[in-house]
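Computed from heavy atoms alone, side chains included, the values below leave out hydrogens, waters and symmetry copies.
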Amino acid sequence: MNNERLTAFEDAILAIIMTILVLDLSKPNPVSWAGLWALHASFFAYALSFFWIGLMWMSHHNSWQAVRAINMTTVLLTLVLLFFASLFPYTTSLVADSFDNATAQALYGIIIAISLLNVALSLNLGRLNPRAKFGLLYKTPTWVVLLDLGIKLIGLILAITIYPQAMIYSIFIAGLVLSISMTTNRQVKLN
């Protein structure tokens, strides 16, 4: 298998997952601003999941252009990553329906597994493609990756112990950190 075939497969799966996310959004009753506001937790969970998957896709898309070699470990890591990513619609709907529930929030914390798999994938591809000079998460600075993982881990611990919503808020904060880092790194390369 070549890397184009694997990236096309990953692109297709992520696009399907992102599309399925919207199917779980409830319709407001009544259809009014107040009815829409009553669903704000659902819209927040949907938007966060959509953009998190989008960030992952963007990171892979930009980084995989430097990939020339893959191996069976790359394929297996990608499959496991896509397995966990495919749980996004389910965990997103759980959080949307039970925003204050620690179990729902902890299940949404499955994003930590996806983050760790992205790190493993980046390290695997870095070994196979030394010219790409990949770090823990492709070209993202190591301190940003460690901060991202730390924020998500703290969110998970807080969600399980004292503040259920900490998980979704920590993912929001970590997503902002990654977005700013990706934007800043891209601007530096262009200048």
Side-chain angles (χ1 to χ4, degrees), residues 8-62 78-119 137 140 144-145 147-184 186:
F9 175 71
E10 182 181 26
D11 287 352
I13 298 297
L14 292 178
I16 291 167
I17 292 168
M18 292 171 81
T19 303
I20 291 172
L21 282 171
V22 77
L23 298 177
D24 280 327
L25 286 177
S26 300
K27 292 176 181 68
N29 186 16
V31 178
S32 64
W33 293 116
L36 285 170
W37 178 251
L39 298 172
H40 69 277
S42 295
F43 285 110
F44 179 61
Y46 162 74
L48 186 60
S49 295
F50 184 92
F51 285 107
W52 200 91
I53 294 170
L55 276 174
M56 182 172 68
W57 173 81
M58 188 171 60
S59 173
H60 286 210
H61 175 73
N62 291 336
T78 302
L79 283 175
V80 175
L81 182 139
L82 291 173
F83 167 78
F84 282 105
S86 73
L87 293 172
F88 259 109
Y90 178 70
T91 59
T92 300
S93 87
L94 282 177
V95 165
D97 293 342
S98 305
F99 200 76
D100 298 331
N101 184 288
T103 304
Q105 291 282 348
L107 284 173
Y108 192 72
I110 204 153
I111 290 175
I112 293 172
I114 295 169
S115 296
L116 293 172
L117 284 161
N118 272 315
V119 167
L137 186 60
T140 305
V144 173
V145 177
L147 181 61
D148 171 73
L149 292 171
I151 290 169
K152 290 173 186 167
L153 182 60
I154 290 168
L156 180 60
I157 292 168
L158 290 173
I160 292 170
T161 57
I162 58 173
Y163 184 61
Q165 300 90 340
M167 189 71 250
I168 201 162
Y169 294 138
S170 70
I171 292 168
F172 176 73
I173 293 166
L176 284 176
V177 169
L178 279 175
S179 297
I180 291 167
S181 171
M182 290 172 81
T183 303
T184 305
R186 189 73 178 144

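A search for side chain to side chain contact (heavy atoms under 4.5 Å, CB included) contacts involving Leu147 returns Trp143, Ile151, Val177, not counting sequence neighbours. Remark: Asp97 pairs with no residue by the side chain to side chain contact (heavy atoms under 4.5 Å, CB included) rule, at least two apart or across chains. Checked against side chain to side chain contact (heavy atoms under 4.5 Å, CB included), Leu55 has the following partners two or more places apart in sequence or in another chain: Met58, Ser179, Met182.
Atom CZ of Phe51 is surrounded by 12 or fewer heavy atoms from other residues, nucleotides or ligands within 6.0 Å.
Once rounded to the nearest 0.5 Å, the distance linking OG of Ser93 with CD1 of Ile20 reads 12.0 Å. To the nearest 0.5 Å, atoms OG1 (Thr91) and CD1 (Ile111) are separated by 6.5 Å. Note: Ile17 CD1 to Met56 CE = 7.0 Å, rounded to the nearest 0.5 Å. Note that the CG atom of Leu116 and the CG atom of Leu137 stand 11.0 Å from one another [nearest 0.5 Å].
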Solution key, residues 78-89 side-chain donor-acceptor pairs under 3.5 Å, sequence neighbours excluded:
{"residue": "Thr78", "atom": "OG1", "partner": "Thr74", "partner atom": "O", "Å": "2.8"}
{"residue": "Ser86", "atom": "OG", "partner": "Phe83", "partner atom": "O", "Å": "2.6"}

Run the side-chain donor-acceptor check on residues 39-49: report pairs under 3.5 Å with partners two or more places apart or on a different chain.
{"residue": "His40", "atom": "ND1", "partner": "Trp37", "partner atom": "O", "Å": "2.6"}
{"residue": "Ser49", "atom": "OG", "partner": "Ala45", "partner atom": "O", "Å": "3.0"}
{"residue": "Ser49", "atom": "OG", "partner": "Thr92", "partner atom": "OG1", "Å": "2.6"}
{"residue": "Ser49", "atom": "OG", "partner": "Tyr108", "partner atom": "OH", "Å": "2.7"}

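Applying the salt bridge (Lys or Arg N to Asp or Glu O under 4.0 Å) test to pairs two or more places apart or on separate chains, those with a residue in residues 147-173 are Asp148-Lys152. Annotation: side-chain hydrogen bond (donor to acceptor under 3.5 Å, both in side chains) contacts involving residues 160-169, sequence neighbours excluded, comprise Asp100-Gln165. For residues 8-19, every residue pair satisfying the side-chain hydrogen bond (donor to acceptor under 3.5 Å, both in side chains) rule, not counting sequence neighbours, is listed here: Glu10-His60, Asp11-Trp57.
Across Gly109 and Met167, no two heavy atoms sit closer than the pair CA-SD, 3.5 Å. When all heavy atoms are compared, the tightest approach of Ala159 to Pro164 is CB-O, 3.3 Å. Counting all heavy atoms, side chain and backbone alike, Leu158 lies closest to Ala166 at CB-CB, 3.5 Å.
Considering only heavy atoms from C-beta on, Val119 stays 4.5 Å or farther from Ser115 through its side chain.
The closest donor-acceptor contact from the side chain of Gln105 to the backbone of Ile168 lies under 3.5 Å.
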